[in-house]
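Reminder, nothing fancy here: chain letters follow the sequence lines and each chain counts from 1. Model, not experiment: these values are computed from the prediction.
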Amino acid sequence: MSVEIQQPPTEEHPKEKLLRMDRIPHIWCPTCGLGTTITAMATALEQLELDLNDVAVVSGIGCTGRVAGYMKLDSFHTTHGRSVPFALGLHIARPDMKTIVFSGDGDLISIGGNHFIHTARRNVDMTVICVNNFIYAMTGGQVAPTTPITARSSTSPYGNYEHPFNLPLLAASSGAVYVARWTALHIRRLTTAIKEAIAKPGFSFVEVIAPCSTLYARLNKLGSGLDLMKFYHDNSVIKHGADLREVDIDFQTKIVVGKFVDIEKPTYIECLNEGNKRVFGDKYKPYGVDHGDS
Amino acid sequence: MRFWRIPLDIDQIKIPRGELHIIKERCKGCAFCVEYCPKGVLKLSDEFNAKGYHPPEVIKPNECVNCDLCEMLCPDFAIYCLRVEECQEEVPVESKK
C-alpha cells in the first residue's frame, strides 16, 4: 500500500513577484508599519508599469534598512546613513535607472543628515522614502532626531527634551521638488504619493509615519500598533500644500499629512549638461542622454 | 445590502464580489484586516498557527466587495483578495427607511 503524500496547496500572494520569498516571513514585529509601506511601494511600481530591471532600491541600517533585502529588485543594503550617497553614485553611473532610497528616520536624517540635505540641494533625480517611527527601533529604542518632546525612549526615561526635526520642512528647504507625508494607514494615498514621487524628475521625498509597537508604543504606554493605527485614523489632518513651518509633530497631537510641495526644477544631470555645454560648446557630449552609439 | 437611499442606476451597477485567501502560517495576528474591513467580513479566530498567533477567519464570505484594503494593510503579505467574476445569488437590496 502506497502512502500518497499530499502537498500543501501553493498559495501565491499577488505581491510575491516583487518580494524575495525565500526571506519571507520577515523579521519585523507584529503590527509594524513597514510591511504595509512595502505593499504600497510594490503597488506603485506595478501601476507605473516600469521595467523592474531598471529600478534599484537602496537601504541603510535599521528596521527599515532590511527593506532592500526583501524586495526582488536591484537592492543594496549599505552602511549606516550612507544610503543616499550610495544611491547618488548609482544614479550618476546609471542615470536611466530609477533609484529609490527606502530607509528610516535614524538612518536618513540622523547619521545621514548631511548627505540628505546636500543631495536635496543638488536636486539629484531620486526618490527618498523615509519611514518615521520616532525612535531607533532596531538598536533598542534610543532617542532619534524625530522623537517628539516629552516622548520616552530607552535613553530618555524621563521624557525627551530635544526639539525634533520637521522632516517635510527640512526636505523642502533643502531643495526637494516633491514632498509628501502620509501615515501607514493612508495606504491608497501613500501609494499615489510614491507613484508620483517615482515619476517626478528630481529629488522627491515621502515621509511615512509608521507604528512601532515593540519600542515606541511600549515605552510610551500607547498600547499596541493597532492602537497607534487608530490614533492615526482619529488624529490625521489632511492639508495639501500646508505651511511647512506648522507641520511639526508633537507627542500624541494632530498629525498634518498631505502633499506639501510639487514644483519643477532642473535636475542635477540637466544642470551638469547645461554648465558643461556653456563652457565647451558643441565639443561636449551631454551625459545621461542616449546618443544611439552605445 | 443596505443603502441610505437606493441609487438611481442600481439596476446597471453590479456589486463586485471578492474571495479572501488567508495564508495562516504567515500571519502575525496584528488584526489590521479585522479592524479596517469596511464590511466586517473578518474576525480573529480561536485557533493558533505555528507561530502561536491567531490568524483571522472569514465570517461573512458573501459580503466581501473586493476592496483590497485587507491585502494592502496586511504587513505580513498573509491575506489577499481575488475577484469573483460570476455572482450567483442576487444580493437583496433594501433602503433605510
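Salt bridge present: B/K24 and B/E47 bring a charged side-chain N and a carboxylate O closer than 4.0 Å.
In the model, A/T64 has no side-chain atom that pairs as donor or acceptor with a side-chain atom of A/D107 under 3.5 Å. Side-chain contact annotation: B/D76 with A/H26, donor-acceptor N/O pair under 3.5 Å present.
Checking A/T183, A/V247, A/V208 one by one against A/V257, the side chain to side chain contact (heavy atoms under 4.5 Å, CB included) holds for a single residue, A/T183. The residue from A/I129, A/L108, A/T127 that alone fulfils the side chain to side chain contact (heavy atoms under 4.5 Å, CB included) condition with A/V101 is A/L108.
Chain B forms the most heavy-atom pairs under 4.5 Å with one residue out of A/H233, A/M229, A/K15, and that residue is A/M229. Between chain B and the residues A/L19, A/T43, A/I38, A/L34, the largest count of heavy-atom pairs under 4.5 Å involves A/L19. Most heavy-atom pairs under 4.5 Å with chain A: of the set B/K28, B/K51, B/E35, this distinction falls to B/K28.
For A/S224, no part lies under 4.5 angstrom from a heavy atom of chain B. For chain A, the nearby part of B/I79 is the backbone; its heavy atoms alone come within less than 4.5 Å. When heavy atoms are compared at a cutoff of 4.5 Å, A/A184 approaches chain B solely by way of its backbone atoms N, CA, C and O. In this structure, chain A has no heavy atom under 4.5 Å from any part of B/E25.
Rounding to the nearest 0.5 Å places SG of A/C130 at 10.0 Å from CZ of A/F102.
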